[in-house]
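Structure first, commentary second.
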Amino acid sequence: MSAANSQDTLSNKKLHSFLSWVEEKNPGEIEFIQAVRELSEVVIPYIQENPRYEKMKILDRMVEPERIIIFRVPWMDDKGNYHVNRGYRVQMNSALGPYKGGLRFHPSVNLSILKFLAFEQTFKNSLTTLPLGSGKGGSDFDPKAKSDAEVMRFCQSFMTELSRHIGSSSDVPAGDIGVGTREIGYMFGHYRRLINRFEGVFTGKSLKWGGSYIRPEATGYGCVYFSDEVLSHHQNGLAGKEAIISGSGNVAQYTAEKLIELKAKVLTLSDSQGYIYDPDGIDTEKLSFVKDLKNLRRGRIREDAEKYPRSQFVAGRRPWEVPCDLAYPSATQNELNLEDAKELLKNKCLGVFEGANMPVTLEATSYLQEHGVIFAPGKASNAGGVATSGLEMSQNSQRLSWKREEVDKYLRSIMINIHKECVLYGPRTHKGVVNYLRGANIAGFVKVAEAMLEQGLT
Ligand code: NDP
Ligand code: 2IT
């Protein structure tokens, strides 16, 4: 057996036994184990080449959250009925800075989902190069069809407990699915009242009271900036490309906005009920209808097809069947599977850029990579949101507000830098495509690992 082959066999054995250990310790946590597998497949062979990480059990420590808080959230609806939900905060890793990551309000929320999101956040936040640790939290509360007053009472009850565990230098939450400016307003207001201090404890705040320009836009814009870099690195460009997007929330809206600005044609948006396909392309005016529909009227994407005759609503399906050059899955985890990947390849899709966290299944990811489709993992391509959260924290510390252009320029330079790091650690495959999955995982891992090494056994 050659030296390289025996190294591969050793790595495979280590991977297998590491994953068995993780599965045993975290039974039934499917999404968390999936996220750990994705990273470990790349990082364990790398650790083999750098034994000091192994000796100090860096990866074993990284998969164990520093702390998890689980709490009861009682609240009352408008009719006086009592309800109870479960609240969580997973404080994953603080080697690089205060715990940082969003809160998700969605009925599907459970510990596995929040641990996967917190784990992803560790490497994503590291890639931004800003001093950000990692965390994630939320609740199985469903904000859909609730009145503003109900959402406010829920947020206040949630914050009554969470306020004990967060702070501007310890843990700084933000938004995620189901948590936008409205929810952050209610939570921040209650926090400020409880602790009697005005501090930068949330990001994604309203511009009127400590938020940053570009934070609402940042995840979507960042993802498009990243894809722009990727395409020019592969001697290609965004202008004239046909793009399909899933979701119609924060990430999807601003991905569409930047793609339109950079002269790509956006064909689809979606929600949990289905997708809309507009063969003429969703332009600025149509997008502003969607923003109003989703953000203010809290309506359904199918209403787009009711307003624009050429737009079709396809119920109960996801947009991956629509022929495209570029795909931006921007709704939720595991929304693009192997069958979808085959469909994308059949339709000659050039690249898939994760706007959401882990929207592409492991099988679909491998299939895309094996067939030379560019694959940008969320921890790199959607890092613009948390990066701009980091910039919001800096502004709050300075008690200053930077100009819109300044923040946008900073965001762009962070995305360009993440791209460089990915290229450095993710050499091109035989198909001539950069291995962004490898690049992002190793680049993200190294910085946290080095910090943990230098800080002793924590
Ligand atoms: P929003 O709540 O603003 O929008 C979510 C969108 O995804 C909605 O269109 C929603 O449809 C759809 N969606 C949610 N869950 C499901 C589901 N189970 N099946 C089908 N569709 C679903 O969330 P964001 O745009 O903020 O987040 C989208 C993704 O991006 C998430 O994976 C999030 O973790 C990730 N992300 C977000 C960042 C941010 O800054 N906000 C930063 C980085 C990543 P419906 O209304 O029908 O539920
Ligand atoms: O997944 C993510 O990176 C986010 N939801 C944003 C986190 C943040 O703290 O801005």
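Throughout, numbering of the chain's residues begins at 1 and tracks the sequence.
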Note: Glu343-Lys346 ion pair, threshold 4.0 Å (strictly below): yes
Chi angles and distances behind the salt bridge (Lys or Arg N to Asp or Glu O under 4.0 Å) call for Asp228, Arg412: CA-CA 10 Å; Asp228 198 20; Arg412 184 152 199 163; 3.0 Å; yes
Side-chain ion pair, Glu64 and Lys25, N-O less than 4.0 Å: yes
For Glu392, side-chain contact (heavy atoms from CB on, under 4.5 Å) partners two or more places apart: Thr203, Lys205, Ser212, Arg215, Asn396
Working for salt bridge (Lys or Arg N to Asp or Glu O under 4.0 Å), residues Glu217 and Lys258: CA-CA 9 Å; Glu217 296 88 340; Lys258 188 52 80 176; over 6 Å; no
Residue from Val251, Leu326, Leu269 passing side-chain contact (heavy atoms from CB on, under 4.5 Å) with Ile245: Leu269
Check: Phe375 ring centre within less than 6.0 Å of Phe353 ring centre: no
Check: Glu41 side chain, Glu38 main-chain N or O, donor-acceptor pair, under 3.5 Å: no
Test: Arg318 and Glu339 ion pair at under 4.0 Å: no
Side-chain donor-acceptor contact under 3.5 Å, Ser381 with Tyr328: no
Test: Arg164 and Glu161 ion pair at under 4.0 Å: yes
Residues which pass side-chain contact (heavy atoms from CB on, under 4.5 Å) with Ser139, listed by chain and number, not counting sequence neighbours: Asn85, Phe105, Phe141, Phe154, Phe158
Ionic contact status for Lys146 with Asp77, cut-off 4.0 Å: no
Distance flag, aromatic centroids of His371 and Tyr367, threshold under 6.0 Å: yes
Which atom of Gln48 lies closest to which atom of Leu10, heavy atoms considered: NE2-CD2, 3.3 Å
